[in-house]
Colleague: 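Take a look at the following structure, please.
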Amino acid sequence: MGYWWEKPVRVLQFNIEDRYGIYVPELNGRELVKLASRVKANVLVIFARDPWGRIYYRDGAAGYIHSKMKGDIIREAVEAAKEKGIRVVAMIGHTANKYVYSIHSDWAQVNKDGEPIILEHIPYGARAYEPEWPQICINSPFMDCVKKEVEEVVELGVDGLFLDSFRYQPDIERACYCKWCREKFRREHGYEMPTKPLWSDSRWRALWEWRYSVIVEKIRELYMLSKKRAPDKLFMYNSHPGGWAGRTNKVVELARDYMDVVFAECSEVDHQPPGFITEMVKLTRAMAGGKPVWASRNYFHLYRTTVSTTPLAIRQGLREAIIASGSPWALVFSISYKQDPSSIKAIEEVFHEHEVVEEYLDGVEPIRYVGVVISNTTRDHYGRDHPEHYVDEVRGFYYGLVHSHLPVDFISERDLVYDNLVKYRVVVLANTACLSDSASHAIEEYVRSGGGLVATYMASTRNEECIRRYEYSLLSVLGVELKGVFRQPWSYVVVTKKEHRLFNGLDKELILWGDMSYVFTRKRVAPVLGWHALAGLTTGEELAQIGLAGGIWGYEYTLGRSPPPYISKLDSPAIVYNRYGNGSSIYFSGQLGRHYWRTGLPEYMALIRNSVREVGGKPPIQVDAPETVAVEAYRQGDRYVIHLLNHTYNQKVLATSIGKVKEPLPPYSTAEAVHPPRTVVPIDNVRITIEVNGEDSYKVYTPLSKKTLDYIIENNNLTTTLEKLYEYELVIIEPRR
Ligand SMILES: [Zn+2]
């Protein structure tokens, strides 16, 4: 018998983050439950305490009851929710707490200069400032307040506790140097905390890892306490996977045994590609080792919290979580709820849909094909001050595969073991520089036994502590040895074996490598993007060579920003194919994923798609639809469950950082235009072909639009066509009995 949170749920989070709480007198727990019930949510998440330290239940300690609250919001909600079968989860442990700061300023997190670390945003150069949301240190006695909060809230009869992320960063800009931290670190390590982020200094790296261990230890303590007091109550953590430089992903990877569910806060969605919430659910599930993931779509556009975004943005955002096999979570703030309830109906529409198709969402297994490795060690220790370059390489592969309709998931470095790898036909090491010996052996065995590997640039050249090997640990699998690094701002990849299947659909033999910097203040180009590993062939077969550019920048069109022309080939491979045992690999000497992430050009996408197909063989599902259609396919017993989400929108992002280009004159127009989806363009005739198990009769239907679809079967492949895809459709294929 499982716990309730292991089933798909629909979450409404109602937040009150208003300084003067102007709507608090009008709010009560019964009304919030009524709202949850109206939108068909079955879980309601509310604050036990806000970032000012004000409590939303009576008889609280270590803080004060919200002065404008008339009743007892949490108790009222718990009572009313029981009648309606809705679960109430209280959000606890906010590390921003103005009240605690006011009476115990010494508990605050402070940076190396002794200044308080704050959660809110203030413009640079702001004058003397009183912290509004100071971050309190989890190494200080504040933790006793949080523990007390756990005990109090459990007594209120809630169904679960939701621990907000501990904003306790390893990054120097936000790292805590309070006396509690300093003392604890000195006690445990025998030396002072380094105050300079010197990555060559093992003491800095030790401090970095120590920060994570502190968070994990505190999560564990609270988890144990909560399970001791109330073993049947949910305990969940906010991971915020795309925020905070992605550091929280490591926390979830390390602390996955101390959380029942992970909440993926997706507040960046409006300025990220369509499919971002789907991506974050998959990423978080990989970090959490398969634990349930609940992911949020905000009610508002960007950070305009007092009014709603478009109903379409809300609907598609909630569905993005559903198609990734996560649970949808709508976040509504008190002000927008009171001022602009116009889009509440959009939540209701999707939650109603979710209720209708719930039986097809429970206990599903993804149909696996590619696993893209995401290594927190590589991001932190190899990425250092610029983790985004490594992350771009990974995301470029992810989106290249999603846009090709190939099933793709993430694999965390903790799960790089043979039994897990064999679930995939292809593993991608997108510049996974840091790879342990044991993970390397697992990958070697995986390829030897028939798996496919795609690797780029510095993959496997360092160990799990980021110590250089000066060689690939996977040299036998890749068929190359490392001889050096080619460091030029621009270069080319020159196809030398154009008849190879890798270049199918690619009518270029010269592929530009590198990109200009759009910021262009200090550097002309995106760092390291034009570089290559200088790899010597051992057993591998060369498919392309590195091409030399004439100079370090060019003059055509935008003088000093353009790429220089191609001059000649270097006798050094840029793409290598290698057979290894029963499997094979393709190695790119440069960063293919970053090129696709930055430019979106089809030549990079073709190389991503074709390399994966070359080493992975025929994918288990093929979909003929524009790349703006997101496809996610699952097995549920002998049933196939296929989600189709249509991201064919009006152009979502109109202008971004391109406008930050250093110009001698003011720009013609701002670069700050970010639009939500307003309209979706329907797609005709989406054709799906899927490998089936040899039954001869199937029922193919759409439980939402209630249609039965025709199909044909050829060589264990079932093909069916959906005539019209509007916003979202679910296609079910099951044996007819
Ligand atoms: Zn501290």
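In this text the structure is predicted, and so the values were computed from the model without any measurement. Ligands are counted one by one from 1 in listed order, and the atoms in each one are counted from 1 as well.
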Colleague: Who passes salt bridge (Lys or Arg N to Asp or Glu O under 4.0 Å) against Lys227, sequence neighbours left out?
Modeller: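 So Lys227 forms a salt bridge (Lys or Arg N to Asp or Glu O under 4.0 Å) with Asp260.
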Colleague: Which residues satisfy the ring-ring contact (aromatic ring centres under 6.0 Å, His included) test with Tyr168, sequence neighbours excluded?
Modeller: none
Colleague: Given Asp380, which partner from the list Arg205, Arg211, Arg247, Lys250 fulfils the salt bridge (Lys or Arg N to Asp or Glu O under 4.0 Å) test?
Modeller: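 Going through Arg205, Arg211, Arg247, Lys250 one by one, the salt bridge (Lys or Arg N to Asp or Glu O under 4.0 Å) with Asp380 is satisfied by Arg247 alone.
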Colleague: Will you find, in the side chains of Glu152 and Tyr57, an N or O donor that is under 3.5 Å from an N or O acceptor?
Modeller: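 A donor-acceptor contact under 3.5 Å links the two side chains.
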Colleague: Using the salt bridge (Lys or Arg N to Asp or Glu O under 4.0 Å) rule, pick out the option among Arg203, Lys112, Arg186, Arg187 that qualifies with Glu192.
Modeller: Arg186
Colleague: Can you list the residues that meet the ring-ring contact (aromatic ring centres under 6.0 Å, His included) rule with Tyr177, with sequence neighbours excluded?
Modeller: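 Tyr177 satisfies ring-ring contact (aromatic ring centres under 6.0 Å, His included) with no other residue.
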Colleague: Take the Zn ion (ligand 1) and tell me which protein N, O or S atoms are nearer than 2.8 Å.
Modeller: Cys137 SG, Cys176 SG, Cys178 SG, Cys181 SG
